[in-house]
Each structure stands twice: as C-alpha cells, then as structure tokens.
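Lettering follows sequence order; numbering is per chain, from 1.
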2 protein chains.
Amino acid sequence: MSESSTLRPTRQRRAITEALAGASDFQSAQDIHDSLRQAGEKVGLATVYRTLQAMADAGEVDVLQGSGGESAYRRCSTHHHHHLVCRSCGRTVEVTGPAVESWAEAVARDHDFAEVSHSLELFGICADCRQQ
Amino acid sequence: MSESSTLRPTRQRRAITEALAGASDFQSAQDIHDSLRQAGEKVGLATVYRTLQAMADAGEVDVLQGSGGESAYRRCSTHHHHHLVCRSCGRTVEVTGPAVESWAEAVARDHDFAEVSHSLELFGICADCRQQ
DNA sequence: CTCCGATTGAGAGTCAGTCTCAATCTACCG
DNA sequence: CGGTAGATTGAGACTGACTCTCAATCGGAG
Ligand SMILES: [Zn+2]
Ligand SMILES: [Zn+2]
Ligand SMILES: [Zn+2]
Ligand SMILES: [Zn+2]
C-alpha cells in the first residue's frame, strides 16, 4: 500500500544481506561495514546504516539495543520471539515465552493501555564461556 | 562495606535527587539539567550525567534505554520490577511478573547459561492519551 | 582553622548515527 | 537499443548524547 513497491536489489543490498546471513550472532552496523570491506565489497557506511534500518523496519532483521546506545542486527526467524545472549561471546539463542506474551497482555489490560508492545532480552554467560 | 565511604551529599547531588523525587516518569539527563536550571539551581551537565550514572550503579534509580540511544532515569522502588510506559505521554507504571521471572530462569537453565539477567519493558498508549 | 582528597564544570573530544546532494544505477518505455 | 524518471549511493559535514580533562572549589575529619 505504501512502501514495498520500491526496493531495488542492488549490489550493496545483496552484499549486506549476505553478510547478515553468514553470521549467527548480533553485529553492529560498523561490524558489518568492516567485514564487507574485508571481503572486498566497497559499501558506504551510510548505505549500511540505511539498509539495516530498512530491513529492521521491514521486520527482516531483529535489532538489539546495546547498553552503549549502539544497535546490533541479526537475521532472525520471522515469528515473534526473544533472545538469550551470552554477555561474553555474543552467542545468541532464539527463545519464545507464551507465558510472557499472555502476561504482557494481561498487564496491559489491567492498566488500560492499548497497542502494547514489549522488549525482552535475556543476558547470561554460556556454558562454553564459563569453562575457561 | 567497600565504597559507600566516599559519597558526599553536595548541593548538586541533593538538587538532582530532589528533581528525581519530584517527577514520577522517566526523564533524560538533559531534562533534569533543564529543570534544575529552571529552578535556579546551577549544576553542570557533566555533573548531572555523573550523578545519574552513579545512582544507577547504586541501584537507586532505574534506567530506560530510549530508542534514540538516550537514557532516561526514574526514582523507583528497590525491589525487582519492570515498567509499562505510555508511548505518548510517558506515564509509567511499575509492574511485576512472577511468571516472567520463573520463565527466564527456566530458559536459562535449559540452555545452560549462568548469571542470567533480563531487560523487559512494556510500551503502549494509556487510557487518557487514547481519548483525545 | 587546616589540609587533602572528593567534587565540580567549562569546554574539548568521542562516537554512533543521520543528512546533504551531486554522481550513478535501474527499471522500464518507445 | 538509446532515453529518462526515479531510486540509490557515498564522501563528508553535521548532530546529539555522552565522556574526558584539569584547574578551581568544596567539605569534613582532625
Ligand atoms: Zn559465550
Ligand atoms: Zn514477546
Ligand atoms: Zn499517555
Ligand atoms: Zn524481571
């Protein structure tokens, strides 16, 4: 109805999509820009930011708000889910919580809030990182 | 037991604490700096940032990571809880979710992650904002 | 009152991310 | 095919939030 009409598959966009597909953990825009550089693909930083933002808006990637105000992106499955991230190595696991979803709705109803969304992430240390 | 020894209750710190106590919703460092200015209290911006950060570390205030990378602070009750925030007016309600807490622990256990913490916030439109 | 480390603040610096706009690319058309 | 409108790109300027630096000041233990 409004946007999908215009989305050209350019070399840059393809490169970014590929870089995203090749990593399983969250990466910042700068990380992606660097790895593209490393791979020989010349893509402007602004383009990386723009593309990532667009993909996030389109729901093609998930965004993780880093504590330092920087965002990290990750190619994720399309259904609603959350993440369990290792604070040490960044390893990420997708998790779902039906109980959480219904709790959120109940809380919203109780307080008479509408159009409720939520952000939820779990952080810890994975088994591998723990043992040395 | 270890550090608390050095925390002088200066005019600036008192002013910031008071400003925080006077507001019930999340406020950015800049917001607080402005309101202090308005109130005639001259406090440097750097001091506001430093103090807020310290209070957050000490668990005296909760921090809400704004989507734009800015942090907002709020004087909160000390026990573990989450927030339901109005996207329109900022009205904030503290909420607790026993179900969520136990779900988080279970998920962590299932994936063998340790020292798990979580961030969870709910956003919506409050009743007042909805009706005009 | 004295002294010393804690605190402050003006201003420079950092850094992620955004904007500007001319050059470039693409899809589509005749 | 060449032509064209509109999408896309990228170098570099810019923004805005936040941190650092360091000399001047403060506060309270003795
Ligand atoms: Zn790990
Ligand atoms: Zn959810
Ligand atoms: Zn509201
Ligand atoms: Zn919780």
Return the value, rounded to whole Å, for the distance between atom [atom1] of [X] and atom [atom2] of [N].
X: I32(B); N: dG9(C); atom1: CD1; atom2: C1'; answer: 18 Å
X: L52(A); N: dA16(C); atom1: CG; atom2: P; answer: 14 Å
X: M55(B); N: dT7(C); atom1: CE; atom2: P; answer: 13 Å
X: Q12(B); N: dG27(D); atom1: CD; atom2: C1'; answer: 12 Å
X: Q27(B); N: dA17(D); atom1: CD; atom2: P; answer: 15 Å
X: H33(A); N: dT18(C); atom1: NE2; atom2: C1'; answer: 15 Å
X: E70(A); N: dC18(D); atom1: CD; atom2: P; answer: 14 Å
X: R11(A); N: dT9(D); atom1: CZ; atom2: P; answer: 9 Å

Shortest non-hydrogen separation from A29(B) to Y49(B) and the atoms involved: CB-CE2, 3.4 Å
Sugar-phosphate only, base, or nothing, as touched by S71(B) at under 4.0 Å among non-hydrogen atoms: sugar-phosphate
Report yes if at least one side-chain N or O of [X] is closer than 4.0 Å to OP1 or OP2 of [N]; otherwise report no.
X: T10(A); N: dT9(D); answer: yes
X: Y49(B); N: dC18(D); answer: yes
X: T47(B); N: dG9(C); answer: yes
X: Q30(B); N: dG16(D); answer: no
X: R8(B); N: dT8(C); answer: no

Ring pair (Phe, Tyr, Trp, His ring centres under 6.0 Å) between H118(B) and H80(B), intermediate numbers included: CA-CA 11 Å; H118(B) 58 268; H80(B) 181 81; 5.0 Å; yes
From dG17(C), dT7(C), dA7(D), nucleotide with atom closest to R13(B) side chain: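 When the side chain of R13(B) is considered, dT7(C) is the closest of dG17(C), dT7(C), dA7(D).
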Ring centers of F123(A), H83(A) separated by less than 6.0 Å: no
Toward the 5' end of DNA chain D, by each residue's nearest nucleotide, L45(A) or Q53(B):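 Looking at the nearest nucleotide for each, L45(A) comes out on the 5' side.
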Heavy-atom check, side chain of V95(A) versus side chain of H111(B), under 4.5 Å: yes
Check: R91(B) and L84(B) side chains under 4.5 Å, non-hydrogen atoms: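 When only atoms from C-beta onward are counted, R91(B) and L84(B) do not touch, as no gap falls below 4.5 Å.
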Polar pair under 3.5 Å, donor/acceptor by atom type, side chain R50(B), base dG9(C):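 Such a pair exists between side chain and base.
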